[in-house]
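Quick notes on the structure that follows.
Residue numbers count from 1 along this sequence. Keep in mind that the numbers below use all heavy atoms, side chains included, and drop hydrogens, waters and symmetry copies.
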Amino acid sequence: MLAARRALRLPHPAILCAIAGAWLLAIAAEVSGRGAALHHDSLIEGGPAFPVALAIFALAWQVMIVAMMLPSSLPAIRLFYRMATAQPRATSARTAFVGGYALVWTVFGIAAFTFDLGVHRTVDSWPWLSDRSWFIAGATLILAGAFQFSPLKDQCLTVCRHPAAFMLRYYRRGVGAALGTGIRHGMFCAGCCWALMLVAFAAGVANLVWMAAFTAVMIVERTWSEGERITAPVGVALITIGALVFVHPVGLPPVFASG
């Protein structure tokens with residue numbers, strides 16, 4: 001635990017400010033009731049034109065990335081910051097590294113939003129599914145739970161838990177190389193966390209309960225030396241909740257009710 005706390009020491013005050021600011025924005029959105037307007041369902045159903053809706057979602061998704069993903073990536077970010085000190089244009093390289101990481105998750109969010117548009121159109125054109133919109137939520141939860149037991153999850157978590165080994169293999173000097181390293185790190189991160197973030201996407205931006213729960217899970221899984229101990233229990237919990245949705249749809253958490 002002490003090792004985990006040391007690993008999470010912040011590389012730069014700007015990172016701390018960004019994470020704190022993102023959480024404050026998420027809290028403000030939920031407390032004010034405006035968070036619902038940023039939910040993908042609200043933006044797709046009766047919202048603005050798709051390009052505008054996508055742009056609004058992408059901006060809100062950045063807040064979610066900073067709040068949820070940066071905390072579990074602090075060990076790698078901190079190490080990169082230290083290694084980049086000796087190279088020219090160190091600040092630009094550091095920015096490129098974090099930017100590359102954020103780019104991966106931005107693409108993921110845009111892909112999820114675009115896919116969700118297709119899901120909505122399918123639901124609207126398929127009466128059976130329209131009457132059982134809970135089916136999508138249940139399937140998403142079960143998928144996320146099942147992925148907790150996958151070899152890909154385990155392989156990517158292994159890389160994320162050893163940022164020093166990752167940097168020794170992939171670190172290169174230069175701004176362009178830093179961007180590439182950030183993208184690569186983001187891909188490993190996405191490889192182990194995409195299913196959890198898919199559930200977070202379904203829950204919606206500024207849903208604090210799911211955001212806090214999954215942020216805690218990802219921090220423990222990716223930064224604690226014994227983080228693998230919670231991977232299976234989290235998988236079982238998600239599969240159980242998903243199964244309960246199928247058995248008793250009325251018990252579906254309200255945030256998933258619209259599909």
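Hydrophobic clustering (side-chain heavy atoms under 4.5 Å, transitive across Ile, Leu, Val, Met, Phe, Trp, Tyr) keeps Val247 apart from Leu141. Transitive grouping of hydrophobic side chains (ILVMFWY, heavy atoms separated by less than 4.5 Å) keeps Val234 and Val236 in distinct clusters. Taking hydrophobic clusters as Ile, Leu, Val, Met, Phe, Trp and Tyr residues chained together by side-chain heavy-atom distances below 4.5 Å, Phe50 shares a cluster with Val123. Hydrophobic cluster membership differs between Val63 and Val104, with clusters built from Ile, Leu, Val, Met, Phe, Trp and Tyr side chains linked at under 4.5 angstrom. A chain of hydrophobic side-chain contacts below 4.5 Å, direct or via other Ile, Leu, Val, Met, Phe, Trp or Tyr residues, connects Ile136 to Trp126.
Here the closest non-hydrogen pair linking Cys192 and Cys160 is SG-SG, 3.9 Å. Closest approach of Ser32 to Ala28, counting heavy atoms only: OG-O, 2.8 Å. The two residues Ser92 and Val175 come nearest to each other via the heavy atoms CB-CG2, 3.8 Å. Counting all heavy atoms, side chain and backbone alike, Ala164 lies closest to Leu79 at CA-CD2, 3.4 Å. In plain terms, the two heavy atoms of Met167 and Ala76 that are nearest each other are CE-O, 3.4 Å. Considering all non-hydrogen atoms of both residues, Ala200 and Met64 come closest at O-CE, 3.3 Å.
When each of Val66, Ile219, Ile15 is paired with Pro71, the side-chain contact (heavy atoms from CB on, under 4.5 Å) condition holds for Ile219 and for no other. A ring-ring contact (aromatic ring centres under 6.0 Å, His included) with Trp194 holds for exactly one of Phe108, Phe147, Phe201, Trp105; it is Phe147.
Arg222 CZ to Leu157 CG: the interatomic distance, rounded to the nearest 0.5 Å, is 8.0 Å. Here the CH2-CD1 distance, from Trp23 to Ile19, works out to 10.5 Å after rounding to the nearest 0.5 Å. From Ile183, atom CD1 reaches atom CG of Leu179 across 4.0 Å, with rounding to the nearest 0.5 Å. Expressed to the nearest 0.5 Å, how far CZ of Arg161 lies from CD of Glu226 amounts to 10.5 Å. We find the CG-CE distance between Leu70 and Met218 to be 11.0 Å, quoted to the nearest 0.5 Å.
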Inset, instruction - Could you check Tyr170 against Val159 for side chain to side chain contact (heavy atoms under 4.5 Å, CB included), going step by step and ending with a plain yes or no? - result: CA-CA 12 Å; Tyr170 297 113; Val159 174; 5.7 Å; no
Inset, instruction - In sequence, state the C-alpha distance, the side-chain angles, and the governing distance for Gln62 and Thr106, and then conclude on side chain to side chain contact (heavy atoms under 4.5 Å, CB included). - result: CA-CA 7 Å; Gln62 301 305 309; Thr106 299; 3.0 Å; yes
Inset, instruction - Test side chain to side chain contact (heavy atoms under 4.5 Å, CB included) on Val199 and Trp210 and set out the steps. - result: CA-CA 8 Å; Val199 177; Trp210 288 93; 3.8 Å; yes
Inset, instruction - Verify side chain to side chain contact (heavy atoms under 4.5 Å, CB included) between Val209 and Phe214, making sure each step is shown before the conclusion. - result: CA-CA 9 Å; Val209 174; Phe214 285 140; over 6 Å; no
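Side-chain contact between Leu238 and Ile142: absent, with no pair of heavy atoms (C-beta onward) separated by less than 4.5 Å. Considering only heavy atoms from C-beta on, Gln148 comes within 4.5 Å of Leu196 through its side chain. Side-chain atoms of Phe149 and Ile239, non-hydrogen and from C-beta on, do get closer than 4.5 Å to each other. Put simply, the side chain of Asp116 reaches to within 4.5 Å of the side chain of Val119, judged on heavy atoms. The side-chain heavy atoms of Phe166 and Thr181, taken from C-beta on, include a pair separated by under 4.5 Å. Looking only at side-chain heavy atoms (C-beta outward), Thr215 and Ser72 stay at 4.5 Å or farther from each other. Looking at heavy atoms from C-beta onward, Thr85 lies in side-chain contact with Arg94 at the 4.5 angstrom threshold. The shortest side-chain heavy-atom distance between Leu143 and Leu198 falls under the 4.5 Å cut-off.
Using the six-membered ring where Trp is involved, Phe135 and Phe246 have ring planes that are perpendicular, over 60° apart on the 30 and 60° scheme.
Ion pairing between a basic and an acidic side chain is recognised when a charged N comes within 4.0 Å of a carboxylate O; Glu221 and Lys153 show such pairing.
Side-chain atoms of Glu30 never come within 3.5 Å of backbone atoms of Ala26 as a donor-acceptor pair (strictly under, hydrogens ignored). Distance alone, capped at 3.5 Å, places no donor-acceptor pair between the Tyr171 side chain and the Phe80 backbone.
No hydrogens or angles considered: nothing links the side chains of His120 and Asp124 as a donor-acceptor pair under 3.5 Å. At a cut-off of 3.5 Å, with distance as the only test, a side-chain donor of Tyr101 or Ser73 sits close to an acceptor on the other residue.
Other residues, nucleotides and ligands place no more than 12 heavy atoms under 6.0 Å from the CZ atom of Phe115. Met187 CE: 12 or fewer foreign heavy atoms inside a 6.0 Å radius.
Ring pair Trp61/Phe113: centre-to-centre distance not below 6.0 Å.
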